[in-house]
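Written out below as structure tokens is the structure these notes cover.
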Amino acid sequence: QDGMNAQELGKLLHREPAEIVKKLFMLGVMVNQNQSLDKDTIEILAADYGIEAKEKVQEDLSNLDKIFEKEMDNTEHLVSRPPVVTIMGHVDHGKTTLLDHLRHSHITAGEAGGITQAIGAYQVRHGDNVITFLDTPGHAAFTEMRARGANITDITILVVAADDGVMPQTIEAINHAKAAKTPIIVAINKIDKPDANPQHVTDQLMQYGLVPEALGGETIFVNISAKFGKNIDELLDMIALEAEMLELKADPDQPAVGSVIEARLDQGKGPVATLLVQQGTLHVGDPIVAGHTFGRVRTMTNERGRDLKKATPSMPVSITGLNEVPEAGDRYVVFNDEKTARAVGEERAKEAQVEERRKTTRVTLDSLFDSL
Ligand code: GTP
Ligand code: MG
């Protein structure tokens, strides 16, 4: 089809050639009716018109959100699953120290400047319970996920330093949790410090609707010292209790769906993504589409770098095998065969390209009008 011009294309698409030229202009391509168009332009134009290209996959297959929702609604063989807990709070209030203590390792020391650079995801065992924890950086990825309607958290742990009190990001975290309708457990941290004043922090938090049970409210408060491991077991007990009340369930007997927690390009391994399994079971070898990327799960490891063959609901895993780096907050879906996954992935990549081109065209047009 290479070499076709707007006149011929218009005939094919049952549109006026002038309309084609105008549309191309909107897409940032300036041609007259007789100028021949390259293959990419024709494809993008066809996609823009929603024309069925030869290898175009069914629309509902490329709608990951729809598949995700459908799979999440599937309630055939529900079994209980671990809670997914997000630790939020103001800078330096002790989120990473708390997680560190929970998994008995020391990631703060290795982190650049002691500041969390990416969302980490870990599972810890507490008696008979398993709990999935997500550490957060500046909440940017979470804002992104929530903006896209992808809520992945069951319970929010709000860490507030007893010597510093309620700060801007504390309020931000409260608003996040409220918007996502997840219960909050307050962990007043650094109670070992001489200037710690947990009562003052409690008074402050009550102004934001977080009232302790002892005062007739519904919020669980625990005073802790993440650094010295004080009352951490009590905090875990409270999380387990809250999780029990939420009756969290998922069906492990189906293809996995879930969300991308973080992703990066590794020099040796290629794209590496941390995925949270939200329904079904993810296996090594599964054909997968994540956001606008696709591939086959080549390797799968847990947070400690141990190789896994499969991952069940609420498990965070690190995988390789995607063709590109997906974005935090992207949804992923497992398909039956690699061919479908590839077709869906390529279709979605093309859609993203059209959308990107639309955006830049809009910007170009805006600046054009501004300059007039
Ligand atoms: P960001 O990731 O930068 O938002 O910070 P964070 O909330 O993860 O705080 P982090 O765990 O890095 O702790 C910040 C500082 O507070 C570190 O120097 C910790 O050692 C210290 N700290 C954390 N918890 C406690 C505690 O319970 N008691 C005392 N005394 N210090 C603590
Ligand atoms: Mg941190």
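Since this is a predicted model, take the numbers as computed values, not measurements.
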Check your understanding: Do Gln278 side-chain atoms and Ser259 backbone N/O form a donor-acceptor pair below 3.5 Å?
Key -> yes
Check your understanding: Would you say Glu8's side chain and Asn5's backbone share a donor-acceptor pair under 3.5 angstrom?
Key -> yes
Study note, to complete from the structure: Only one of Ile288, Val333, Val289 passes side chain to side chain contact (heavy atoms under 4.5 Å, CB included) with Val344, and that residue is Val289
Check your understanding: Say you draw a straight line from CG of Leu158 to CD1 of Ile184; how long is it, rounded to the nearest 0.5 Å?
Key -> 6.0 Å
Practice item. Would you indicate whether the side-chain heavy atoms of Val277 and Thr312 approach each other to under 4.5 Å? Key: no
Revision key, fill the gap. Residue pairs passing the salt bridge (Lys or Arg N to Asp or Glu O under 4.0 Å) test with at least one member in residues 20-35, sequence neighbours excluded, are Lys23-Asp48
Exercise for review: For the pair Asp38 (side chain) and Thr41 (backbone), establish whether a donor and an acceptor sit closer than 3.5 Å, ignoring hydrogens and angles.
Suggested key: yes
Give every donor-acceptor pair under 3.5 Å between a side-chain atom in residues 239-248 and any protein atom, sequence neighbours left out.
none

Practice item. Taking side chain to side chain contact (heavy atoms under 4.5 Å, CB included) as the test, write out the residues that go with Asp337, two or more places apart. Key: Lys339, Thr340
**Study point:** Neighbour count >12 (heavy atoms, 6.0 Å) for atom CZ, Arg342
**Key:** no
Practice item. Name all pairs fulfilling the salt bridge (Lys or Arg N to Asp or Glu O under 4.0 Å) condition that reach into residues 173-196, sequence neighbours left out, sorted by first residue then second. Key: Asp163-Lys193
**Study point:** Minimum heavy-atom distance between Pro326 and Ala263, given as atom pair plus value
**Key:** O-CB, 3.4 Å
Check your understanding: What closest approach, in Å, do Lys230 and Ile191 show between heavy atoms, and which atom pair accounts for it?
Key -> CD-CD1, 4.3 Å
Point to revise | side chain to side chain donor-acceptor pair (under 3.5 Å) partners for Lys310, two or more places apart | key: none
**Study point:** side chain to side chain contact (heavy atoms under 4.5 Å, CB included) against Thr320, all qualifying residues, sequence neighbours excluded
**Key:** Lys269, Val272, Arg298, Thr299
Review point. Is the backbone of Val159 close enough, under 3.5 Å, to the side chain of Asn189 for a donor and an acceptor to pair up by distance?
Key: no
Exercise for review: From the options Ile185, Leu102, Ile220, Asn223, select the one residue that forms a side chain to side chain contact (heavy atoms under 4.5 Å, CB included) with Leu235.
Suggested key: Ile185
Review point. Between the main-chain N or O of Leu276 and the side-chain N or O of Tyr332, is there a donor-acceptor pair closer than 3.5 Å?
Key: yes
Exercise for review: Calculate, to the nearest 0.5 Å, the distance between atoms CE and CG belonging to Met315 and Asn302 respectively.
Suggested key: 6.5 Å
Practice item. Report the residues that fulfil side chain to side chain contact (heavy atoms under 4.5 Å, CB included) with Val166, sequence neighbours left out, ordered by chain and then residue number. Key: Thr170, Ile171, Gln204, Leu205, Tyr208
Point to revise | Asn323 (side chain) donor-acceptor with Phe294 (main chain) under 3.5 angstrom | key: yes
**Study point:** Set of side chain to side chain contact (heavy atoms under 4.5 Å, CB included) partners for Asp237, sequence neighbours left out
**Key:** His126
Exercise for review: Take Phe335 and Ile67 through the side chain to side chain contact (heavy atoms under 4.5 Å, CB included) test and state the conclusion after the steps.
Suggested key: CA-CA 10 Å; Phe335 287 88; Ile67 299 175; 3.9 Å; yes
Practice item. Measure across Asp286 and Thr281 and return the closest heavy-atom pair with its distance rounded to 0.1 Å. Key: OD2-O, 4.0 Å
Exercise for review: Measure the CG-OH distance between Asp100 and Tyr122 for me, rounded to the nearest 0.5 Å.
Suggested key: 8.0 Å
Check your understanding: Shortest non-hydrogen contact from Pro198 to Ile188?
Key -> O-CD1, 3.7 Å
Point to revise | For Asn197, all residues meeting side chain to side chain donor-acceptor pair (under 3.5 Å), sequence neighbours excluded | key: none
Review point. Does a side chain donor of either Asp164 or His93 reach within less than 3.5 Å of an acceptor in the other side chain?
Key: yes
Throw together a table of side-chain donor-acceptor distances under 3.5 angstrom for residues 24-34, partners on residues two or more places apart or in other chains.
{"unit_1": "Asn32", "atom_1": "OD1", "unit_2": "Asn34", "atom_2": "N", "d": "2.9"}
{"unit_1": "Asn32", "atom_1": "OD1", "unit_2": "Gln35", "atom_2": "N", "d": "2.9"}

**Study point:** For Arg81, side chain to side chain donor-acceptor pair (under 3.5 Å) partners two or more places apart
**Key:** Asp154, Ser314
Check your understanding: Could you give the distance from NE2 (His77) to CG (Asp251), rounded to the nearest 0.5 Å?
Key -> 6.5 Å
Exercise for review: Verify, without hydrogens or angle tests, whether Gln279 (side chain) and Glu71 (backbone) share a donor-acceptor contact under 3.5 angstrom.
Suggested key: yes
Check your understanding: Just by modelled atom types, is the Gln169 backbone N or O under 3.5 Å from a matching donor or acceptor in the His90 side chain?
Key -> yes
Revision key, fill the gap. Here the salt bridge (Lys or Arg N to Asp or Glu O under 4.0 Å) pairs for residues 197-222, sequence neighbours left out, are none
